[in-house]
Number of protein chains: 2
Amino acid sequence: MIQPRPRTIPEATVARLAVYLRVLTSLADGGRTTVSSGELASAAGVNPAGLRKDLSHLGSCGVRGVGYDVRALRERISRVLGAERSRACVLVGIGNLGTALADYAGFGSRGFRFVGLFDASPSRVGQVIGNLAVRPMTDLEATVTATDASIGVIATPADVAQQVCDRLAAAGVRSILNFAPVTLAVPEGVDVRPVDLSVELQVLAFLGQQRAVPAEEVTA
Amino acid sequence: MIQPRPRTIPEATVARLAVYLRVLTSLADGGRTTVSSGELASAAGVNPAGLRKDLSHLGSCGVRGVGYDVRALRERISRVLGAERSRACVLVGIGNLGTALADYAGFGSRGFRFVGLFDASPSRVGQVIGNLAVRPMTDLEATVTATDASIGVIATPADVAQQVCDRLAAAGVRSILNFAPVTLAVPEGVDVRPVDLSVELQVLAFLGQQRAVPAEEVTA
DNA sequence: ACGACTTTGTTCGCGCGTTCACAAGCGGCT
DNA sequence: AGCCGCTTGTGAACGCGCGAACAAAGTCGT
């Protein structure tokens with residue numbers, strides 16, 4: 001009875017689990033103690049059957065005829081995602097976006113804590129955000145090593161993102177969240193998750209325009 | 001010769017097309033005139049065959065034995081995505097994140113222009129970002145109507161995001177990019193694209209942790 | 001205590017997206 | 001002009017994720 005579950009959870013499911021976790025926390029704050037899959041699915045914007053399948057990946061935790069215990073489910077998802085252990089993150093590029101990220105309280109409650117903020121501009125160095133002072137780029141490697149940070153966030157201009165990425169990877173960071181509008185090249189064993197705001201907007205715009213034209217198609 | 005192509009492009013392909021567009025622009029700026037699929041795929045971080053299939057959705061545009069003409073391909077993708085026409089966007093919530101979005105020059109070059117910045121806080125109203133002044137929330141509907149804005153960006157705190165969303169939808173906005181960590185409910189015909197930074201971080205952290213444990217699995 | 005209702009957990013079938021592999025086509029060289 | 005090598009475009013197989021339908025199970029009412 002060592003490994004009752006397959007150990008592999010689809011990436012799409014993981015992303016949804018994080019959403020469920022958010023919704024469950026909100027429900028718990030509202031005083032709810034149990035939820036049905038239908039209700040939770042509606043709150044998360046997904047299909048009820050899919051939600052149950054997602055939850056089945058982490059073993060049975062619901063009660064038939066009743067639903068899920070909000071607190072217990074939250075606890076279990078939190079454990080599976082590893083959100084209970086605090087993860088050290090470093091953030092490079094303290095512009096408006098970097099400041100927003102450093103300031104965002106939502107990270108702390110999800111198990112992420114910034115242990116270093118870095119910027120190349122001397123005018124930014126020394127500035128305090130949250131309860132952390134911005135440090136010069138020269139301190140990057142030492143901080144990563146000292147804090148054993150496993151996650152790096154890149155919020156720099158595009159033209160320096162690759163070299164920042166190289167330094168992070170060389171320092172031992174294995175996971176990188178990249179907000180710069182470039183595709184990063186990384187060595188084997190490091191994964192990058194790109195978040196490109198222009199891409200998001202363009203997809204959105206395209207879907208909107210595609211939804212608008214079918215009238216023309218009918219005329220053909 | 002009315003509709004030589006199927007008219008429907010998979011959403012995943014659209015997202016990648018936006019990336020190709022970015023890479024092509026970068027290549028054009030570097031003076032390149034032609035690229036092979038392999039080269040472009042490597043620069044975009046995807047499989048060469050997949051890239052060719054993606055490109056095939058918009059008709060043949062490459063030359064066999066040579067590759068793709070950088071400028072022509074860029075032009076065609078740009079046209080398909082509708083990036084040539086300027087789209088009016090409104091942005092609600094001018095905190096650090098909102099300021100970062102309003103300031104980001106990359107949107108303009110991709111066919112998006114902000115026509116209104118809104119914030120509930122009187123202290124923010126009047127502040128000028130880019131070349132636009134922040135306006136009070138009361139002006140929201142009038143601005144959307146007057147500019148025929150089709151895209152709304154929500155960068156507000158979570159607790160007001162839903163009501164902002166409702167107002168945008170009621171005013172005629174059909175596409176919404178949501179940075180607030182909540183799942184928005186929208187009427188039929190409106191689509192929302194959520195960008196939740198906590199979710200991104202959690203997925204990244206989970207993949208990293210999942211990659212770290214298989215050693216334990218070997219012992220079993 | 002028994003029956004019926006509610007809700008979970010799972011299994012099946014479908015459609016999509018991705019990947020590999022091959023044929024067609026074009027340029028360059030002789 | 002003809003051949004060769006390179007690259008595109010497409011067809012087919014594979015795998016995965018998604019959605020719907022069914023059986024198990026537990027609770028509430030009588």
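Please read these numbers as outputs of a predicted model, since none were measured by experiment. Throughout, protein chains are lettered first and strands after them, A, B, ... in sequence-line order, and every chain is numbered starting at 1. Hydrogens, waters and symmetry mates are skipped; everything else that's a heavy atom, side chains included, is used.
Looking only at distances, no side-chain donor or acceptor of R52(B) sits under 3.5 Å from a matching main-chain atom of S37(B).
The nearest whole Å value for the distance from the CG atom in L73(B) to the C1' atom in dT7(D) is 14 Å. Rounded to an integer number of Å, the gap from CD of E39(B) to P of dT7(D) is 10 Å. If you measure from atom CG of D54(A) to atom P of dG17(D), you get 11 Å, rounded to the nearest angstrom.
The side chain to side chain contact (heavy atoms under 4.5 Å, CB included) with F118(B) is formed by just one residue from the set T143(B), V164(B), V144(B); it is T143(B).
For the helix from dA1(C)-dT30(D) to dT30(C)-dA1(D), the end axes, each set by the C1' atoms of five terminal pairs, are bent relative to each other by 10° (nearest 10°).
Within the model, atoms CD of E84(A) and OG of S78(A) stand 6.0 Å from one another, a figure rounded to the nearest 0.5 Å. Considering CG of L40(B) and OH of Y20(B), their distance stands at 7.5 Å, rounded to 0.5 Å.
Of all the residues in residues 11-24 of chain B, A12(B), R16(B) reach under 4.0 Å from DNA chain C with at least one non-hydrogen atom. Of all the residues in residues 191-204 of chain B, not one reaches under 4.0 Å from DNA chain C with any non-hydrogen atom.
At a cut-off of 3.5 angstrom, counting only N and O atoms as typed in the model, there is no donor on one side facing an acceptor on the other between the side-chain of K53(B) and the base of dG9(D).
Running 5' to 3' along DNA chain C, contacts with non-hydrogen atoms of chain B at under 4.0 Å begin and end at dG17(C) to dG27(C).
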Under 3.5 Å, N/O pairs linking protein and nucleotides 25-29 of chain D:
unit_1	atom_1	unit_2	atom_2	d
dA25(D)	O4'	R64(A)	NE	3.4

Please tabulate, for the side chains in residues 62-70 of chain A, all donor-acceptor contacts under 3.5 angstrom to protein atoms that are two or more places apart in sequence or on a different chain.
unit_1	atom_1	unit_2	atom_2	d
D69(A)	OD2	R71(A)	N	3.4
D69(A)	OD2	A72(A)	N	2.8

